[in-house]
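Please read the structure below before turning to the comments.
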Amino acid sequence: MKSGKTAWRSPSNIAVVKYWGKKGYQVPANPSVSMTLTKCCTETSMEYKKKANSASPSFDFLFQGEKNILFEKRTSLFLESAINALPSLKDLHLNIETSNSFPHSAGIASSASSISSLALCLIEINRQVSGNYENEEQFFRKASHLARLGSGSACRSIYGGWVLWGEISGIEHSSDDYAIPLSDSLHRNFINWYDSILVVNSGVKQVTSSQGHTKMESNPYKEIKYETGRKNALASITALKTGDEKLLRKVTEYEAASLHSMFLLSDPPYILIKPESLQIINKIVRFRQDSGLEFSFTLDAGPNIHLLYPESIRDMMISFIKSELILFCEDGMWIDDIMGKGPESIQK
Ligand code: DP6
C-alpha cells in the first residue's frame, strides 16, 4: 500500500517487581512483573504516505493537538531505533497525533503508554506496507519487542492483566527481548485488581528514568538489587499462581523500598519521595493493622503512591482513601484506575 492509517489506544502499567538497571541496550538487569492499567492510557493515530527512497522516515508530530518539542524528540529517537527492525519505515512520511487520557501534569510516567501505542501503530503500518500478515500472537510479540527499544516498561503494556518481562529459567517464552502475559494459571484472587494512584506531587521528576538507570551502573549495591529482583520476580509469579496475596504484598512493598533505597545509595544520593508520601505510607500501615485487610502499595521513580487491591475490598479502600489519604494529595488529586485487557485498535 502507498498510503494508509492506523490508530491504537495503549495503557500504562504499574510494576510490582521493578525494572531498574540495564545490562546492555534496553536489556533489563532483572525480570520485572507488572499489572496493566485501563484509564491511564495514550491514543496514537498515524497516517503514512510512501515517499522516494530515503535514509530515514520523516514525520509531523502533534501532542494533544499541539507541537511538543520534548515528545517529538523522544518519538524521533524511537523511530531511529525502530528502523533496524522495520526497514520499510525509511520510505515513509508519517503524520503522528497522540494524546494522553491522564492529566499532563499528574506526575504519571507516560512513556509506557505512549511508546507502546507508537510501537503498535508502526507494526501495523509495517504489516500494511510489506503485506506480511503475521498471526495475532506474532503481531503483539513484535510490538512488545519494538516497544522495549523505545522504553523498557512499554514492552509490558502490550498485554493486559499481569505481565512478565525478562528471562526466567523454567518459564516458557520468558525473554529479555519482549514481555509475555501471565494469564495462564492466574489465581482468581488476582483478577480485577484496582490501582488507586495518590498524586502527591505532579511536578516534573528531578531525575528521569533513563538518568536513574544510568546511575545504577555505578551503584555499589546493584548486584544485590538485581539478585533480589530475580528472586522477587519468581516469588511474585508463584504468588499470582497460588493466590498468595500476602506474598505478593511482601514482594511489592520490598521492591518499592529497594527501588527508593537505590536512589539514596547513589553518588550523589537523591530522594524522590515527599513528606506526604511518608505520611500516606504510615496511614496505610496503620489501616492495614487495624482493618486486617490484605492489599499492597508501591511507588515508581517518583513520590506518588499506588494502592493495589482486589475488587472484594473496593468499598473499604475507597472510603479509606477519601477519609484519610486525599488530604495528603496535591489538590486532592487521585486517579482511580483498574486492571485492563491491554491495548485496543481504535481505527476511526
Ligand atoms: C521505576 O521503562 O521508563 O517505572 O527503558 O529507560 O525508558 P527506559 O526506562 P523506563 O523505566 C521504568 C522504571 C520504573 C520501574 C518499572 O516500571 O519497572
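Atoms within each ligand, like the ligands themselves, are counted from 1 in listed order.
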In terms of its nearest heavy atom to atom 9 (O) of ligand 1, the top option of E255, K18, M262, H213 is H213

Which label fits F140 and W8: parallel for a plane angle under 30°, tilted from 30 to 60°, or perpendicular past 60°? perpendicular

Which label fits W193 and F190: parallel for a plane angle under 30°, tilted from 30 to 60°, or perpendicular past 60°? tilted

Show me, pair by pair, the donor-acceptor contacts under 3.5 angstrom made by side chains of residues 76-89, not counting sequence neighbours?
unit_1: S81; atom_1: OG; unit_2: F78; atom_2: O; d: 2.9
unit_1: S88; atom_1: OG; unit_2: N126; atom_2: OD1; d: 2.7

Which of the atoms of ligand 1 are close to [X], meaning less than 4.0 Å from one of its heavy atoms?
X    : value
S153 : 2 (O), 3 (O), 10 (P), 17 (O)
R74  : 7 (O)
S151 : 2 (O), 3 (O), 5 (O), 7 (O), 8 (P), 10 (P)
G152 : 2 (O), 5 (O), 7 (O), 8 (P)
A15  : 16 (C), 17 (O), 18 (O)
R156 : 16 (C), 17 (O), 18 (O)
W20  : 1 (C), 13 (C)
S111 : 3 (O)

Can you spot which of T6, T75, T98 makes a side chain to side chain donor-acceptor pair (under 3.5 Å) with T44? T98

Would you mind telling me which of R249, K246, R288 makes a salt bridge (charged side-chain N to carboxylate O under 4.0 Å, His left out) with E294? R249

After noting the C-alpha distance and the side-chain angles of W165 and Y178, does the key distance pass the ring pair (Phe, Tyr, Trp, His ring centres under 6.0 Å) rule? CA-CA 6 Å; W165 169 35; Y178 48 79; over 10 Å; no

Is it true that K22 lies under 4.0 Å from ligand 1, counting heavy atoms only? yes

Within the supplied structure, the quantity of interest is the number of heavy atoms (other residues, nucleotides, ligands) at a distance under 6.0 Å from K49 NZ; does it exceed 12? no

Hey, could you give me each pair passing salt bridge (charged side-chain N to carboxylate O under 4.0 Å, His left out) that has a residue in residues 311-324? Not counting sequence neighbours. K283-E324, R314-D336

Kindly confirm or rule out an N or O of Y19 lying under 3.5 angstrom from an N or O of ligand 1. yes

